[in-house]
A.B. asks: 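The structure is given below, and queries will be raised subsequently.
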Amino acid sequence: MRRLGRVTEDLPEQMQVRRDKRERLLAAQQDVYPVKLPLTASLAEVRDRHEGLEPGEITDDVVTVAGRVIFIRNTGKLCFVKLQEGSGVSLQAMLSLDRVGEERLADWKADVDIGDHVWVTGAVGASRRGELSVFADAWGMASKALRPLPIAHKDMNEESRVRRRYLDLIVRPEARDMARQRVAVMRSLRNSLDSRGYLEVETPVLQTLHGGAAARPFVTHINAYDIDLYLRIAPELYLKRCVVGGLERVYDLNRNFRNEGADSSHSPEFAMLEFYQAYADYRDMAELTRTLIQQAAVDVFGGTTVTHADGSVHDLGGDWPWVSVYPALSEALGHGIDPQTPRQALLDLADEADLGIDPAWTEGRIVEELLEHHVVAHFTGPTFVCDYPVDNAPLVRDHRYEPGVVEKWDLYIGGVELATGYSELVDPVIQRERLLAQAKLADRGDDEAMHLDEDFLEALEHGMPPTGGVGMGIDRLLMTLTGRGIRETILFPLVKPDRGASERGELQ
RNA sequence: GGGCCUCUAGCUCAAUUGGUAGAGCUGCGGACUUUUAAUCCGUAGGUUGCGGGUUCGAGUCCCGCGGGGCCUACCA
């Protein structure tokens with residue numbers, strides 16, 4: 001809510017001072033927000049061109065550069081300013097009485113604040129202390145800032161960093177790095193897939209049915225048709241339509257929306273890569289997934305050994321071990337179990353481990369719970385867990401040898417489930433049965449279960465080639481590579497509005 | 001959903017058993033032609049998240065609401 005009447009009166013002094021300066025400059029016919037500046041170089045270019053100047057040396061390279069003022073030091077007849085540009089590169093400029101004259105030096109001291117964008121024209125040289133600098137002959141305002149920057153040598157608290165990411169980006173190099181690393185990881189994934197003949201496609205965000213995962217959707221409404229729509233929870237069913245249609249290697253690097261809890265590893269809006277390849281099985285897809293992740297680590301961090309924010313070192317290189325659900329669980333329990341183990345035996349095991357079991361859960365769900373507790377919790381390096389019970393994987397084909405399990409793996413790195421891969425179920429009859437069972441669950445009020453997608457089933461009935469598929473969380477991949485929380489890997493994670501502040505008019 | 005913690009100046013943080021809300025940086029005025037968390041002198045800045053209550057007196061104690069964090073539960 002804007003409360004215009006209160007804006008100027010209650011303003012903290014520092015903001016009022018800056019507004020006054022703006023007014024004064026405008027009144028003096030000075031352009032405080034010029035539309036275009038005659039820049040001749042970026043700060044980075046100046047740095048590249050003039051490495052290693054001797055202290056006191058001044059070149060005849062005259063440049064016009066601009067940047068945000070991030071540091072300022074005014075003395076009687078000589079002013080220092082550190083300018084920063086978008087890349088994070090900074091460069092010092094020096095304004096001396098000799099070069100800019102008495103009037104413009106006085107103007108500089110009176111008009112410029114930390115946070116403003118300014119331009120300077122002058123020769124490139126090095127200060128007596130040896131710092132590369134522009135010795136300004138002229139300067140001007142490029143954009144007047146009306147609010148102060150947070151102080152540079154103390155981090156803002158986490159909430160402020162998220163709510164005002166632009167300040168975080170100005171002040172904290174790690175924030176800029178993350179923004180670039182995220183893009184670099186996605187570019188690496190695209191390059192890896194493109195070079196293997198994959199086609200990047202876009203699947204719809206607005207869907208009349210939500211499918212491809214078990215998650216509660218966001219609901220919206222289309223006025224033109226007067227029906228409710230769901231925001232995508234997974235692109236899977238559309239990518240499979242692509243495979244049926246002959247686009248045999250497809251991926252969608254997409255945004256999904258799940259109306260569930262938000263915590264340090266879950267964001268309601270999150271990025272995911274799904275890719276499907278005809279004539280591949282889940283083992284092929286696991287190999288490809290490992291390659292994609294390792295290549296991303298190499299492309300972005302220079303190697304498969306990555307260092308986290310806390311200084312810990314993690315080796316993602318080489319082959320990654322496989323662990324099969326039932327054998328691994330049997331070993332951990334010291335008690336043989338398999339898909340035929342009766343429900344009561346599973347419940348007893350869950351009781352022993354003090355796991356809270358919902359009576360509605362299927363046997364497979366209970367097995368997965370036991371698995372998390374007894375096996376997954378002890379992983380150290382990257383690990384593929386494979387051959388899951390059929391119950392919770394309606395879109396996966398049965399294992400080719402082992403009865404009661406499906407050809408599915410989950411990839412765990414650093415305790416986080418990073419990706420999942422399948423040999424996709426392509427038998428349209430079995431697929432229909434599985435989805436029908438899910439739909440019945442939905443009728444019983446389980447709104448995470450899928451509704452029957454007849455269009456998808458009809459597509460399958462036209463014949464889908466044997467196919468492998470993978471879904472991988474991009475935010476989680478960034479977390480795995482950097483050791484940062486999910487809210488740091490996303491530039492603008494969802495935050496609740498700060499109602500108190502807006503009611504007081506502080507957000508203007 | 002449950003539990004615990006937290007919200008104080010533009011920013012980062014103090015404030016003893018309930019007793020005049022402080023500091024650093026930033027800002028403002030001044031000195032300084034080599035600063036870079038400059039230094040020196042002077043100075044300003046607050047509805048302590050919001051609303052109630054207890055009390056002679058509340059940043060502090062109690063209740064409600066809002067934001068955030070952690071744990072837990074839920075979770076393809």
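Here the structure is a predicted model, which is why all the values come from computation and not from measurement. Chain A is the first sequence line, chain B the second, and so forth, proteins listed ahead of strands; every chain is numbered from 1.
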A.B. asks: Counting Watson-Crick and G-U wobble pairs only, both distances under 3.5 Å, name the nucleotide matched with B:G22, or none.
C.D. replies: B:C13
A.B. asks: Both A:Ala110 and A:Tyr422 contact RNA chain B. Taking the nearest nucleotide for each, which residue is further toward the 5' end?
C.D. replies: A:Ala110
A.B. asks: Have a look at A:Lys154 and say if it touches a base, only the backbone sugar-phosphate, or nothing, with a 4.0 Å heavy-atom cut-off.
C.D. replies: sugar-phosphate
A.B. asks: Enumerate all atom pairs, one protein N or O and one N or O from nucleotides 25-27 of chain B, separated by less than 3.5 Å.
C.D. replies:
residue	atom	partner	partner atom	Å
B:U26	O2'	A:Gln14	OE1	3.3
B:U26	O2	A:Gln14	NE2	2.5

A.B. asks: So A:Arg487 and A:Ser267, side chain to side chain donor-acceptor pair (under 3.5 Å) or not? Walk me through it.
C.D. replies: CA-CA 8 Å; A:Arg487 284 155 67 85; A:Ser267 175; over 6 Å; no
A.B. asks: Check step by step if side chain to side chain donor-acceptor pair (under 3.5 Å) holds for A:Ser133 and A:Gln92.
C.D. replies: CA-CA 5 Å; A:Ser133 306; A:Gln92 176 168 278; 3.0 Å; yes
A.B. asks: Does B:C61 pair with anything, Watson-Crick or G-U wobble, both distances under 3.5 Å, and if so, with which nucleotide?
C.D. replies: B:G53
A.B. asks: Would A:Asn259 and A:Tyr230 count as a side chain to side chain donor-acceptor pair (under 3.5 Å) here? Give the steps.
C.D. replies: CA-CA 11 Å; A:Asn259 204 343; A:Tyr230 303 101; over 6 Å; no
A.B. asks: Using Watson-Crick or G-U wobble geometry with both distances under 3.5 Å, which nucleotide pairs with B:U36?
C.D. replies: none
A.B. asks: Distance to the ring centre below 6.0 angstrom and angle to the axis at most 45 degrees; does that hold for A:Arg283 and A:Trp409?
C.D. replies: no
A.B. asks: Have a look at A:Glu131 and say if it touches a base, only the backbone sugar-phosphate, or nothing, with a 4.0 Å heavy-atom cut-off.
C.D. replies: base
A.B. asks: Hey, could you give me each pair passing salt bridge (Lys or Arg N to Asp or Glu O under 4.0 Å) that has a residue in residues 404-425 of chain A? Not counting sequence neighbours.
C.D. replies: A:Lys240-A:Glu424, A:Arg400-A:Glu407
A.B. asks: Determine the Euclidean distance between corresponding C1' atoms of B:U12 and B:U26; express it in Å to zero decimal places.
C.D. replies: 11 Å
A.B. asks: Which residues in residues 88-97 of chain A have a heavy atom closer than 4.0 Å to any atom of RNA chain B?
C.D. replies: A:Gln92, A:Met94, A:Leu97
